[in-house]
Amino acid sequence: MADPVLTVAELLRPAFAAVAGGECDPTVRPSDRADAQVNGSLALAKKMGKPPREVAEAVMAQANLSAVCSTTEIAGPGFVNLTFANEFLAGELRAAMADPRLGVRTQAAKRFVVDYSAPNVAKEMHVGHLRSTVIGDAIVRMLEFFGHHVVRENHVGDWGTPFGMLIEHLIDLGEAEASRELSVGDLDMFYKQARQKFDADDTFKERARKRVVALQGGDTETLRMWKLLVAESTRYFDRVYDLLGVLLRDSDIMGESAYNQLLPEVVERLSKANMLVTSDGAEVVFVDGFVNRDNEPLPLIIRKGDGGYNYATSDLATVIDRVERLKVDSMLYVVGAPQAQHLEMVAAVARKAGWLPDTVEFNHVVFGSVLGEDRKILKSRSGETVKLDALLAEAVERAEAAISEKNPELDVATRKAVARQVGIGAIKYADLSIDRVKDYIFDWERMLSFDGNTAPYLQYAHARICSIFRKSEHSRESVRGGTVDIDHAAERALVLRLLQFDTAVVDAVERHSPHRLCTYLYELAGEFSAFYEQCPVLRAPDDATRASRLMLCDSTARVMEQGLALLGIEAPEQM
RNA sequence: GCCUCCGUAGCUCAGUGGAUAGAGCAACGGUUUCCUAAACCGCAGGUCGUAGGUUCGAUUCCUACCGGGGGCGCCA
């Protein structure tokens, strides 16, 4: 528990309880008038029918904050302003930095499944996959940091009617040629050609239809060709994931096809539970509270009129699998907002059918769209969807151009490596730093800027610290374990901010909101900037001050590096 | 029509029921023999979409309305 706000809240809790005659939240919050402010007296005063300042006084008389606060002051209508003692802060920082977790609390380990990314086989990954992939990845990293057991599931679209036409197109092209085309990464062309034939040619359409039946019937030769398509796509996904620097690997792929065997089970269970109804030729479940356009009950379609299953069925199957086989405590679906209602219905059916106990969380981690400058879904200039690998390549290119211009001394190899870290970091951070439920406007200039809440700004703060150490006689490690003397306001502010890493990470993971960690890191970088400006490190007035400031620098770099790592962003040592 | 999300400075965005709502950009005015000027300081900019309600206290919670996005039976 590094955050001093929590420490003081715990110290105040008994005092509040004594005055209130029972459990009572002190509600301690960071304050712009002091280090922290206690708000609990006002609510308690109302309950007790006493003047708030009187209650505050009574509480403070009961509490002993002398080890933690240098001053406490009752102010305004009944707030208590707290100023932490410098020795306390220095001690807390020392303790936090002696901890490999940098002072971040631990949590009771739980089992999670995080469902994210989900591209389609034989289709290009586009900007629409960016948010799910990047946000999901950050959430996985944060959960793992807390020691949770996390199963990553990449629910790729590898099944369904389009595969009839794709396989037939593969046959037309010849496998060698198809493989060649797919391996180049030009998946869109392949898909479009198949689509075109499907739309224009009735005999092809009929072949495709028959092929789907063969595929679902488990025909060996059809399956072999299907696997070929999947394998080529997987290789392509890996390339994108590698460039993007996310954790997803082949072994994380749990495509729709992986749930095929469970689909009849879904139907059977729903049928046994008497939830299944035949409606317009399809087998459906009507879900309480959902209505259609005409105010009629809205069904979840389990089995289509033609006997085929659809995505609702396989999504229900994922719930069974994750609860019963993986035995998870929590499922996170990092899926775009348009699927909100669908997922709500899936969860409702699973709960009602008894597959999803109340003890297991089902969370839709919604996110908004990536918009262009016209505030519409981001499209390329020609009006097509923006390919993800092209987008990433452009980011690296732009970053490299900026680095060449600003820091020409870097050798080519370093420049290339840093360009990748900065360019990819910028794209990911632009995505992560905005409240995920909102849409955001994609803007190259802003995300690659060294000013404002951007990856390059944070990375630069880190690189500056590394630069200081390169010029000093000391290694980063050698200054650890030292003591910080707080005698400058900027040092004090920096220490206080470093101790809040704890709360920032907990907050971000609990709300599944990486942007809260981003905001924290931005504030940390700002605090460091002020310190850097006002407190010379290498030219400090004396050895003790220099040692103290080097320790502060190292602490900042460690928190920045760890914080960025939790977001899936690298921190170069120079840029 | 119903459901749902969003609406905060000119622009892009933070904001945990608490006191005087914050950043960055842009604009305006400054700072450099100094550990990376890829920096910093100052100034200005607001009916927190509107109107009610709950509360000692509302940008924050509730209701209605306005504006925008998304969804609403056999695609996923």
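So that the names make sense, note that chain A is the first sequence line, chain B the second, and so on, each numbered from 1. Excluded from the calculations below are hydrogen atoms, water molecules and symmetry mates; all remaining heavy atoms, backbone and side chain alike, are included.
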Worksheet item: Does a side-chain heavy-atom distance below 4.5 Å link Phe531(A) with Arg549(A)?
Response: yes
Discussion item. What I'd like to find out is whether the side chain of Asp554(A) reaches to under 4.5 Å of the side chain of Arg558(A), using heavy atoms alone.
Written reply: yes
In Watson-Crick or G-U wobble terms, both distances under 3.5 Å, what is the partner of [N]?
N	result
A51(B)	U63(B)
G22(B)	C13(B)
U36(B)	none
A58(B)	none
C2(B)	G71(B)
C28(B)	G42(B)

Quickly work out the [X] [atom1] to [N] [atom2] distance and round it to whole Å.
X	N	atom1	atom2	answer
Ile377(A)	G69(B)	CD1	C1'	9 Å
Asn39(A)	G18(B)	CG	C1'	5 Å
His462(A)	A38(B)	NE2	P	20 Å
Glu445(A)	U12(B)	CD	P	15 Å
Ile403(A)	A38(B)	CD1	P	13 Å

Discussion item. Taking the basic N atoms (NZ, or NE/NH1/NH2) and the acidic carboxylate oxygens, is any pair closer than 4.0 Å for Lys428(A) and Asp431(A)?
Written reply: no
Worksheet item: So, are Glu400(A) and Arg420(A) salt-bridged, with charged N and O less than 4.0 Å apart?
Response: no
Closest to side chain of [X], choosing from [options]:
X	options	value
Tyr522(A)	G24(B), A38(B), G73(B)	G24(B)
Lys438(A)	C6(B), U12(B), G73(B)	C6(B)
Tyr460(A)	A39(B), G18(B), A76(B)	A39(B)
Arg470(A)	U36(B), U16(B), A76(B)	U36(B)

With sugar-phosphate meaning primed atoms plus P, OP1 and OP2, does [X] contact a base, only sugar-phosphate, or nothing at under 4.0 Å between heavy atoms?
X	result
His515(A)	sugar-phosphate
Arg29(A)	base
Val366(A)	nothing

Fill in: Glu409(A) atom CD: more than 12 heavy-atom contacts under 6.0 Å
yes
Worksheet item: Got a donor-acceptor pair under 3.5 Å from the side chain of Ser449(A) to the base of G24(B)?
Response: no
Practice prompt. Please evaluate the base of U36(B) for a donor-acceptor partner in the side chain of Arg464(A) within a cut-off of under 3.5 Å?
Written response: no
Worksheet entry | Of residues 422-435 of chain A, the positions that come close to RNA chain B - non-hydrogen atoms, cut-off under 4.0 Å | Ile434(A), Asp435(A)
Item to complete: Measure the acute angle between the ring planes of Tyr520(A) and Phe501(A), then classify it against the limits of 30° and 60° as parallel, tilted or perpendicular.
Response: tilted
